[in-house]
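In what follows, every heavy atom counts, from backbone to side chain, and hydrogens, waters and symmetry copies are set aside.
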Amino acid sequence: MKTSSLRAFMAVASLSVLALSGCSAADQSTNAGDSSASVSASSEGALSISQPWIKAADNGMTAAFGTVTNNSDQPVKITGATTDISDDVQLHVTEIDPNTGTSQMKEATDGFTIEPGASHELAPGGDHIMLMNVGCSLKTGNNAEITVKLEDGSSQTFTFEVRDYQGAQEKYAPGESASATASESAEHSDQEMGDMENMDHSSMDHSAMSHSASASESALPECHSH
Amino acid sequence: MSDSRQAHDTQKLPDDSSLPRVTPAAGEQTPTGWSRRTAIAAGLGAGAGVVAGAGSAYAYASSQSPEYTPNLSTATVGFYGDKQAGIDTPPPAYGQFIAFDLAENTTKDAVARLLRILTQDATQLTAGQAPIVDQEPELAAVPANLTVTVGFGERIFDIVAPEKKPDWLKPLPAFKQIDRLDDAWNDGDLLLQLCADDRVTLAHAQRALLKGLRSFGSIRWVQEGFRRSYGSENPGETTRNLFGQIDGTINPTSADDTMNQYVWGQNLEGVQAWEPGGTSLVIRRIHMNMDTWDLSDRPAREDAVGRKLSNGAPLTGTNEHDVADLGATNELGLTVIAPYAHIRRAAPEKEVERILRRPYNYDLPVSHASGISQHGDITGGISQTGLIFCSYQADPIQQFVPIQQRLAELDMLNTWTTPIGSAVFAIPAGCREDQFIGQALFS
Ligand code: HEM
Ligand SMILES: [Cu+2]
C-alpha cells in the first residue's frame with residue numbers, strides 16, 4: 001500500500017512538471033506557465049491516472065501506460081480509446097505463450113473494468129492502450145493526449161508523457177491468427193518494419209536503438225497534441 | 001566535536017514525515033561551511049513545495065551542535081531551490097561526472113525535451129522515487145543524499161540562446177608548462193554531476209538518467225570519483241586526498257557571505273553570476289604520481305604545500321584553521337612557507353581570486369601492473385590515481401584562471417601532479433516544481 005500512495009504522489013509531481021510541456025516545438029518555449037491542463041483533465045470524472053506515459057515511436061505502433069484509478073463509488077468500464085495521433089486505438093492484454101515463453105498481446109474484447117476505489121495498472125508486459133498506425137513521430141519529452149471511452153458513453157482525456165523505452169516488445173496476436181505478429185516498438189523502422197512478421201525478443205537488434213538521435217529518414221514529423 | 005557524533009543517535013526523526021526534516025536548531029551549517037540543505041523524507045515533501053532551498057539562512061553550527069546523519073534510506077537533499085544542489089551542499093562519498101555530447105542536428109526543441117525529462121527524473125531519483133520508466137524501480141528507494149547537478153557546455157547556448165552564452169564558456173587557455181590534456185577527458189555539451197553516499201544508488205541513477213538521454217546524443221566521458229564513506233569523517237572534518245593531505249581547508253563557506261560571493265557571484269565587486277543562482281564548474285582531471293610522491297619524505301611533502309600533514313596546519317601555525325603567515329621568515333631569513341609552496345602560489349592576489357574546491361579522488365584499477373613510474377609519467381607503476389578537481393566560481397576567467405596560471409608557472413606540487421583533462425561548464429540556476437532546469441534559456 002505504500003507503493004500506491006507513492007504513486008499517487010508521483011502523479012502529482014510528474015504532472016506538474018509535465019504540464020508545462022506543450023507538444024509542439026513552437027509551444028514549448030512559451031507556454032511554461034500554463035500548467036493546469038493535464039492536471040484538471042485527470043481530476044474531472046471518475047478516473048484519474050498516475051505516471052501516464054507512452055512509448056516513443058517514429059511511426060507505426062506504440063502503447064500507452066499508467067495506473068488508472070476509479071475514484072467513484074460505481075464500477076467503471078473502459079471500452080475503448082481515441083487519440084489524434086492514431087485512428088486505430090485498441091485496449092490490449094498480454095499473455096505469456098505457454099509454449100514459447102514469449103509475451104503475446106491480444107485485444108481486450110471486454111474492455112477494462114475497474115471497481116470503485118480500485119486501480120488498474122497499464123504496464124509493459126500487461127494491459128495497455130495500443131496505438132496502431134501512428135501517423136507522426138512521438139518524441140521523448142513531448143506529450144500526447146488520449147481519450148478513454150467509458151461504457152456509460154462519457155469519456156475522459158489524459159495527457160501522456162512520451163518516453164523512450166526499450167521494453168514492451170510483446171508480439172501482437174490479433175484474434176486466433178498467430179502468424180500476424182508485431183512489436184509494440186515502432187522504433188525499428190527500415191528493414192525491421194519489412195521484417196515485422198518475424199519480430200520477437202530474440203531477433204531484436206538492440207544496437208539499432210541508438211539511431212533515433214539523428215532524424216531517421218523514416219521518422220514522420222513530430223506529433224502535435226493540444 | 002567529539003560528542004557531536006553521539007548526538008546523532010538521539011536525533012529522532014519527526015513523526016510527521018510530511019514536514020521538512022531540517023538540521024536541528026543550531027543551523028544548517030557544518031563547521032567547514034557546507035550548507036546542509038533541508039533533508040526531506042523520502043517519498044514525501046518534494047511534491048509539497050516545502051523544500052527550504054539554497055536561499056535559506058545559514059547559521060553557523062558550533063562544534064557542539066548535533067549533526068543530522070539519517071539512515072541513507074531516508075537521506076535526501078532537496079532538489080528544488082533557486083540554486084542547484086550538489087555545489088554548496090556537503091559532498092557525498094561518491095561523485096560521478098558525465099559529459100554528454102548532443103547529436104549533430106539537435107534542435108532547440110530537442111534540448112527542451114531533454115532538460116524536461118532530465119529534471120523530472122532527477123526530481124524523483126533524488127527523492128528516493130522511481131522515475132516514470134524505471135525498470136529497476138526498487139533500486140531507487142535509497143536516495144542516499146543523491147544530488148543531480150546539470151551543467152551546460154557551449155553548444156546548449158549555441159542551439160538555444162546564443163545571446164545568453166557567458167563569455168567565459170569555452171576551453172580554458174592552455175597552461176603549457178603543465179598540461180598534458182587528453183581529449184578523452186575534455187569538454188562536453190552537457191554535464192551531469194551525480195553525487196550520492198551509496199554506490200548502488202549512484203549506478204542506478206546514472207543508468208536511469210542516461211537511458212532517458214540516449215536518443216539525444218552520446219556519452220563523451222565519465223569520471224568516477226570518491227571520498228571517504230558516509231560516517232567515516234566527523235561532521236565538518238576536512239577530507240584528505242590520496243596524497244594523504246588535508247585538502248579543502250581554505251574554501252568559501254555558507255557560514256559567512258563567501259559562498260554567496262565567490263560561487264554565486266553576489267556582492268562581489270567586478271564579478272557577477274551569468275544568471276541569478278547560476279555559477280560555473282571547471283573540472284580538471286589531475287594525475288597524481290604516487291610513485292614519485294613515495295620518493296619524497298614528510299618534510300619535503302609539507303614544504304611543497306606549506307602545511308603539515310598531521311593536521312593541515314600552516315607551517316607557520318599549530319591548528320588547521322590558523323591563518324598562514326606568508327611573510328614569516330626563519331633564522332636564515334627565508335620564508336617559512338616556501339616561494340614555491342602550493343598555498344602561497346594558490347593564495348589570492350586579487351580579492352576575486354577565490355574558488356570553491358569540491359574534489360573527488362579517482363583510483364582506477366590497473367591490471368598486470370608493476371614497477372615504478374618515473375617523474376613526469378602519467379602512466380605506469382602500480383597506480384592510476386588522481387583528483388577530479390572540481391572548482392566552482394561565478395567567473396572562471398577572473399577567479400580560477402589567475403590561480404591556475406600562477407600554479408602553472410611555479411608550484412612544487414607540479415613535481416607530482418599533471419592535468420590530463422579540462423572542461424568548463426555553466427551551471428544554470430535551480431528550479432521550482434513547475435519548471436525544468438535551464439528553462440530560463442527558453443524565455
Ligand atoms: C592534484 C592536484 C592538487 C592537490 C593535491 C592540491 C592540494 C592542496 C592542498 C593540500 C592544499 C592545502 C589545504 C587547503 O587549503 O585545502 C591546497 C590548497 C589550495 N589549492 Fe590545491 N591542490 C591541487 C590542485 C589545485 C589546483 C589545480 C588549484 C587551482 C587552480 C588549486 C587551488 C588551491 C587553492 C586556491 C588552495 C587554497 C590556497 C590558500 O591557502 O589560500 N589546487 N591544495
Ligand atoms: Cu498491444
Side-chain angles (χ1 to χ4, degrees), chain A residues 2-3 5-30 32-36 50-56 58 65-66 123-125 139-143 160-168 187 209-216 222, chain B residues 18 42-49 79-80 101-124 127-135 137-138 140-141 160-161 211-218 431-437 439-443:
Chain A
K2 193 183 170 198
T3 49
S5 60
L6 207 61
R7 275 176 189 286
F9 158 74
M10 291 194 293
V12 176
S14 61
L15 282 170
S16 57
V17 173
L18 290 182
L20 52 87
S21 42
C23 184
S24 76
D27 278 350
Q28 279 163 354
S29 46
T30 51
D34 174 20
S35 61
S36 56
S50 70
Q51 299 268 62
W53 65 282
I54 181 167
K55 180 173 163 168
D58 282 344
F65 310 98
K139 296 258 184 239
T140 184
N142 278 338
N143 288 341
F160 290 72
E161 179 183 7
V162 183
R163 286 304 192 110
D164 282 330
Y165 191 76
Q166 307 306 316
E187 301 222 46
M209 297 288 184
S210 57
H211 72 174
S212 42
S214 51
S216 103
E222 268 183 60
Chain B
S18 67
L44 291 163
F79 181 83
Y80 298 114
D101 279 344
L102 297 170
E104 219 167 282
N105 302 316
T106 302
T107 60
K108 181 173 176 177
D109 162 56
V111 176
R113 289 189 287 110
L114 179 162
L115 293 173
R116 199 178 293 128
I117 61 175
L118 187 58
T119 302
Q120 192 193 341
D121 290 352
T123 306
Q124 298 198 289
Q129 299 158 2
I132 196 161
V133 290
D134 194 342
Q135 289 173 274
E138 291 81 4
V160 177
K211 261 159 79 157
L213 297 196
R214 192 192 263 130
S215 67
F216 295 100
S218 55
C431 72
R432 293 195 316 259
E433 236 183 294
D434 56 349
Q435 298 174 322
F436 60 86
I437 296 286
Q439 192 168 330
L441 290 192
F442 295 83
S443 59

Participant: With rounding to the nearest 0.5 Å, note down the distance linking CZ in B/Arg113 to CD in A/Glu161.
Facilitator: 11.5 Å
Participant: Apply side chain to side chain contact (heavy atoms under 4.5 Å, CB included) to B/Ser218 and list each qualifying residue two or more places apart in sequence or on a separate chain.
Facilitator: B/Asp101
Participant: To the nearest 0.5 Å, tell me how far B/Ile117 CD1 sits from A/Asp164 CG.
Facilitator: 7.0 Å
Participant: Once rounded to the nearest 0.5 Å, what's the spacing between atom NZ of B/Lys211 and atom CD of A/Gln166?
Facilitator: 8.0 Å
Participant: Is there a donor-acceptor contact under 3.5 Å from the side chain of B/Arg116 to the main chain of A/Gly141?
Facilitator: yes
Participant: To the nearest 0.5 angstrom, please state how far the CD atom of A/Glu222 sits from the CG atom of B/Asp109.
Facilitator: 4.5 Å
Participant: Between CD1 of B/Ile132 and CZ of A/Phe65, what distance do you get to the nearest 0.5 Å?
Facilitator: 11.0 Å
Participant: With the threshold set at 4.0 Å, does a side-chain nitrogen-carboxylate oxygen contact exist between A/Arg163 and B/Asp121?
Facilitator: yes
Participant: Restricting to non-hydrogen atoms, name the atom on A/Thr140 and the atom on B/Ser215 that form the minimum distance, rounded to 0.1 Å.
Facilitator: CG2-OG, 3.5 Å
